[in-house]
Amino acid sequence: MQMRPPGGTRLRADNARMVADVLRRQIHDGDVAGSLDEPALIADFGVSRNTIRDALTILRDEGLIERSPRVGTHVVARQLEHGLDALQGLKETFLMHGEVRNTVKVATLVDPPRAVARKLALDDGEQAVYIERLRFLDDEPISLDVTYLVPDLGIPLIQHDLEHNDVFALLEQIAGERLGRATMTVEAVNADPHSAAHLEIASGAAMLLLERLTHLQAGDRPVDLEYIRMRSDRVCLRSTARRTQE
C-alpha cells in the first residue's frame with residue numbers, strides 16, 4: 001500500500017496517522033491480533049520504519065497495544081461493535097462477548113423536560129418514568145444510560161428485574177407487541193466528572209453520546225427515549241449505508 005500519491009508530498013506525521021487509522025480498524029475488526037511485526041508493516045504500507053513506529057506510538061497511547069524492547073508489540077484491547085442497523089438492547093448486542101448486567105441507580109416517576117414530553121407525545125402535566133443505569137460487560141463499565149418511558153408501560157416495567165434484562169425486551173413483553181423503529185443521533189462528547197467516575201475513564205475523555213427514540217411497531221407510538229453515554233475506547237457504532245436511486 002503506497003501512502004505517497006503521485007504529485008504530492010506527505011509529512012511523516014500524516015503518513016503515521018493514516019497507518020494508525022488502518023491498523024486501528026484492523027485491530028477492532030479482529031483482523032490483527034497478537035503481535036505486530038514492524039518489517040511486515042513497513043512492507044505492507046510502503047513507509048519508513050520511523051513512520052510505523054510513530055503510528056504504533058499513537059495506538060499505544062490509545063491503549064490498544066503494548067510495546068516492549070524484549071517482548072515486541074502486542075494487541076491488548078479492541079472495541080466491540082454496536083450495530084445501528086438492528087434495533088437491539090445491549091444484552092442482545094453483546095451476547096457473544098460476555099454477560100451484560102446493570103446497576104440501577106434511579107427508577108422513578110418524574111416531571112419530564114418539555115422536549116422529552118414532546119418526543120414521547122405525553123399530555124400536558126403527564127409524568128414519565130425515569131431510569132438511570134450503569135451497564136457492565138462482565139466486570140467492566142461500558143455505558144451510562146438515561147431512559148424516559150411513557151408511564152403506562154414504564155410503571156409496570158420498573159417492577160421487573162432491570163439488573164439482568166434489557167428495557168427493550170421488557171417493553172415488548174409488557175406492551176404485548178414488537179418495537180418497530182428508532183430514530184438516532186450520535187455525537188462525540190467529553191466525559192463530565194460524574195460520568196467519568198462511573199465509567200472509570202479520565203474526566204474529559206471522549207465518549208459517544210447516543211440519543212435514541214424508539215417506537216412501537218403498531219401505530220408507530222413513541223415509548224422510549226434514551227441518552228446513552230458509551231465508552232468510545234470499548235464500543236464503536238457501525239451501520240451499512242446504501243446510495244438511493246434518483
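Crowding of R178 atom CZ: a count of heavy atoms from other residues, nucleotides or ligands under 6.0 Å not exceeding 12. Few gaps surround CD on E140; more than 12 heavy atoms of other groups in view lie less than 6.0 Å from it.
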Discussion item. Walk me through whether D124 and R114 qualify under salt bridge (charged side-chain N to carboxylate O under 4.0 Å, His left out).
Written reply: CA-CA 9 Å; D124 290 343; R114 283 178 298 200; over 6 Å; no
Practice prompt. Would you please test D85 and S239 for side chain to side chain donor-acceptor pair (under 3.5 Å) and show each step?
Written response: CA-CA 6 Å; D85 299 320; S239 179; 2.9 Å; yes
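Listed for the D37 side chain is a donor-acceptor partner under 3.5 Å among the backbone atoms of A40. No donor-acceptor pair closer than 3.5 Å links the side chain of E66 to the backbone N or O of R60. Looking at E177, its side chain does come within 3.5 Å of a backbone N or O of A218 through a donor-acceptor pair. Formation of a donor-acceptor pair under 3.5 Å by the T93 side chain with backbone atoms of G89 is found in this model. Distance alone, capped at 3.5 Å, places no donor-acceptor pair between the S195 side chain and the A191 backbone. Not a single donor-acceptor pair under 3.5 Å links the side chain of R212 to the backbone N or O of Y227. Under the 3.5 Å distance criterion, the side-chain polar atoms of N165 are matched with a main-chain donor or acceptor of D161. No donor-acceptor distance shorter than 3.5 angstrom exists from the side chain of Q173 to the backbone of L170, with no hydrogens or angles considered. In terms of modelled atom types and a separation under 3.5 Å, the side chain of T73 and the main chain of S35 share no donor-acceptor contact.
Nearest heavy atom pair, residue N102 against residue L162, reads ND2-O, 2.8 Å.
A distance of 9.5 Å separates CG of L134 from CD1 of I142, quoted to the nearest 0.5 Å. Atom CD1 of residue I58 and atom CG of residue D21 lie 8.0 Å apart, to the nearest 0.5 angstrom. Atom CD in E226 sits 5.5 Å away from atom OG1 in T214 (nearest 0.5 Å). Separation of atoms CG (L23) and CG (D31) is listed at 11.0 Å; rounding is to 0.5 Å. Note: I201 CD1 to R234 CZ = 12.5 Å, rounded to the nearest 0.5 Å.
Classification of D152 and R221 as a salt-bridged pair holds, one side-chain N sitting under 4.0 Å from a carboxylate O. Ion pairing between R67 and E38 holds under the 4.0 Å rule for side-chain N and carboxylate O. Salt bridge status for D145 with K105: absent, with no side-chain N to carboxylate O gap under 4.0 Å.
Residues passing the side-chain contact (heavy atoms from CB on, under 4.5 Å) test with D166 are L90, K91, E92, R135, sequence neighbours excluded.
Between I52 and V47, the closest side-chain pair of non-hydrogen atoms falls below 4.5 Å. Between I42 and S48 the shortest side-chain heavy-atom distance does not fall below 4.5 Å.
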